[in-house]
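Structure first, then comments.
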Amino acid sequence: MTRPVIAGIDTSPGSLTAAHWAAEEAAGRGTELLLVHAGPPTGRGSRGEPTDLQAAARQLLRDAEAAIAAAHPDLPIRGELLDGRPAEALLDAAGDAELLVLGTRGLGGFRGLLVGSVSLAVAGRTDSPVVLVPQGAGRPDGERREGAEAAEIVVGLDPQTPADAVLAFAFREAGLRGARLRVVHGWDLPPTYGYAGWVPPESELRELGTLETALVREAVLPWREKHPEVEVAETVRPGGPAGVLVEASAGAALVVVGRRTRAHGLGARLGSVAHAVLHHASAPVAVVPHA
């Protein structure tokens, strides 16, 4: 059975925007959309009296389902309440998902952060791809922005250690949309230049750029051959990878970054590039775990 696309729902404005984005993904994949909400079953009202939070959560899911069904009448949609803390419940649900989609600012986010704490926790720990959708990346009524169908898919690549799972996801997304895939690599000068304290001449910069471009093309070539239907463009230029990806996100349909599943001393977490892109990209960002 095809696994569903799952969208997390809460009462934040960005939640419904992300759910509409997830509906487009589910329709493109030919699968159902599962709307989920996680939270405690009971709480306290304004006067301290017990309150049935599940009744409100069920209504929240029904309202979201109705709004999305109006924009996608042929899409199978269902809602489900999850038990447990939001991050842990979403992580459990992600194991059964084709894709998990969340808004970037949920109610659990700290003031001043562009990405909510729950979304960051899930993106840093899930074993399945998760997409974080900024509120400005779509319309809350589910209508596509003008030109959205033709927008590029952008994927970050380190040609020294290309991740098959990340490239496979990016090529598949581009194929599903009929979109061009832009492979982006931002490279820095070798450390020896920094130690020497000088900038190489323009001719040497061009030579370094030619080398980096050749490495990118070599890493992408097997994927071009596997997916001849996907048009591929490459952006290779000096600069930190996060900044180059954020710049490329302007007008993109999706930015794809990788996250190593290898645990660190403090447990699984996002790398610095993925973290920066999530906070600053203007397009939805897919975080794809890889070995």
- Determine which pairs satisfy salt bridge (charged side-chain N to carboxylate O under 4.0 Å, His left out) with at least one residue from residues 155-165, sequence neighbours left out, and list them in order. none

- Item | V36 side chain reached by L61 side chain, heavy atoms, under 4.5 Å | no

- Item | Presence of salt bridge, E25 and R177, under 4.0 angstrom | yes

- Query: Between S119 and G103, which heavy-atom pair has the shortest distance, and what is it?
  - Reply: OG-O, 2.7 Å

- Task: Would you check if the side chain of T261 reaches a backbone N or O of H290 as a donor-acceptor pair within less than 3.5 Å?
- Result: yes

- Item | Check: R259 side chain, G124 main-chain N or O, donor-acceptor pair, under 3.5 Å | yes

- Item | Residue pair R182, T235: steps toward the side chain to side chain donor-acceptor pair (under 3.5 Å) verdict | CA-CA 7 Å; R182 181 167 296 279; T235 295; 2.9 Å; yes

- Could I get the full list of side-chain contact (heavy atoms from CB on, under 4.5 Å) partners for L221, not counting sequence neighbours? E225

- Roughly how far, to the nearest 0.5 Å, is the CZ atom of R3 from the CG atom of L34? 12.5 Å

- Message: For the CZ atom on R85, are there more than 12 heavy atoms of other groups (residues, nucleotides or ligands in this structure) within a distance under 6.0 Å?
- Response: no

- Item | Under 3.5 Å: donor-acceptor pair, side chain of S128, backbone of A94 | yes

- H185 vs P159 side-chain heavy atoms within contact, under 4.5 Å: yes

- Message: Please report the interatomic distance CD(E173) to CG(L99), rounded to the nearest 0.5 Å.
- Response: 7.0 Å

- Item | Hydrophobic cluster identity match, L157 and L215, side-chain contacts under 4.5 Å | no

- Item | I6 vs V101 side-chain heavy atoms within contact, under 4.5 Å | no

- Query: Are the side chains of Q59 and Q54 in touch, meaning some heavy atoms are under 4.5 Å apart?
  - Reply: no

- Item | Considering all heavy atoms, the nearest L35-A19 contact | CD2-CB, 4.2 Å

- What is the ring orientation for H275 with H279, classed by angle as parallel under 30°, tilted 30 to 60°, or perpendicular over 60°? tilted

- Roughly how far, to the nearest 0.5 Å, is the NZ atom of K226 from the CH2 atom of W223? 4.0 Å

- Item | Whether T126 side chain and V122 backbone form a donor-acceptor pair below 3.5 Å | no

- Message: Checking L60 now: which residues fulfil side-chain contact (heavy atoms from CB on, under 4.5 Å) with it, not counting sequence neighbours?
- Response: I9, T11, H37

- Task: For A174, enumerate each residue passing the side-chain contact (heavy atoms from CB on, under 4.5 Å) test, keeping only those at least two apart in sequence or located in another chain.
- Result: I153, L181, V230

- Determine, step by step, whether L254 and V154 satisfy the side-chain contact (heavy atoms from CB on, under 4.5 Å) criterion, reporting the C-alpha distance in whole Å, the side-chain angles of both residues, the deciding distance to 0.1 Å, and the verdict. CA-CA 6 Å; L254 181 68; V154 172; over 6 Å; no

- Quick one: pull up CG in L278 and CG in L120 and give me the separation to the nearest 0.5 Å. 6.5 Å

- Item | Pairwise side-chain contact, V232 with F171, heavy-atom cut-off 4.5 Å (strictly under) | yes

- Query: Under the side-chain contact (heavy atoms from CB on, under 4.5 Å) criterion, do V257 and V166 qualify, and how do the steps go?
  - Reply: CA-CA 7 Å; V257 296; V166 177; over 6 Å; no

- Query: For P241 and G186, which heavy atoms make the closest approach, and how far apart are they?
  - Reply: CD-O, 3.8 Å

- Which heavy atom of S282 sits nearest a heavy atom of P134, and at what distance? O-CG, 4.1 Å

- In terms of ring plane angle, is the pair H20 and H72 parallel, tilted or perpendicular, where the classes change at 30° and 60°? tilted

- Message: Looking at every heavy atom in both S15 and G8, which two are closest together, and how far apart are they?
- Response: OG-O, 3.4 Å

- Qualifying salt bridge (charged side-chain N to carboxylate O under 4.0 Å, His left out) pairs, either residue in residues 60-74, two or more places apart: none

- Closest approach of G240 to D188 (non-hydrogen atoms, all atoms of both residues): N-OD1, 3.7 Å

- Message: Looking at T104 and L132, would you say the former's side chain and the latter's main chain have a donor-acceptor pair under 3.5 Å?
- Response: no

- Pairs meeting criterion salt bridge (charged side-chain N to carboxylate O under 4.0 Å, His left out) with involvement of residues 229-250, two or more places apart: R180-E231, R217-E234, R224-E234, R237-E247

- Query: Do you see a donor-acceptor pair shorter than 3.5 Å between the side chains of T2 and R29?
  - Reply: no

- Side-chain heavy-atom pair T213, W187 within 4.5 angstrom cut-off: no

- Given side-chain contact (heavy atoms from CB on, under 4.5 Å), test L102 with L100 step by step and report yes or no. CA-CA 7 Å; L102 303 173; L100 175 64; 4.3 Å; yes

- If you measure from the Lys or Arg side-chain nitrogens to the Asp or Glu carboxylate oxygens, is any gap between R58 and E80 under 4.0 Å? no

- Query: Is there a side-chain contact (heavy atoms from CB on, under 4.5 Å) between V131 and V285 once you walk through the steps?
  - Reply: CA-CA 5 Å; V131 176; V285 178; over 6 Å; no

- Item | Any L211 side-chain heavy atom under 4.5 Å of E207 side chain | no

- Item | Check: T161 and R260 side chains under 4.5 Å, non-hydrogen atoms | yes

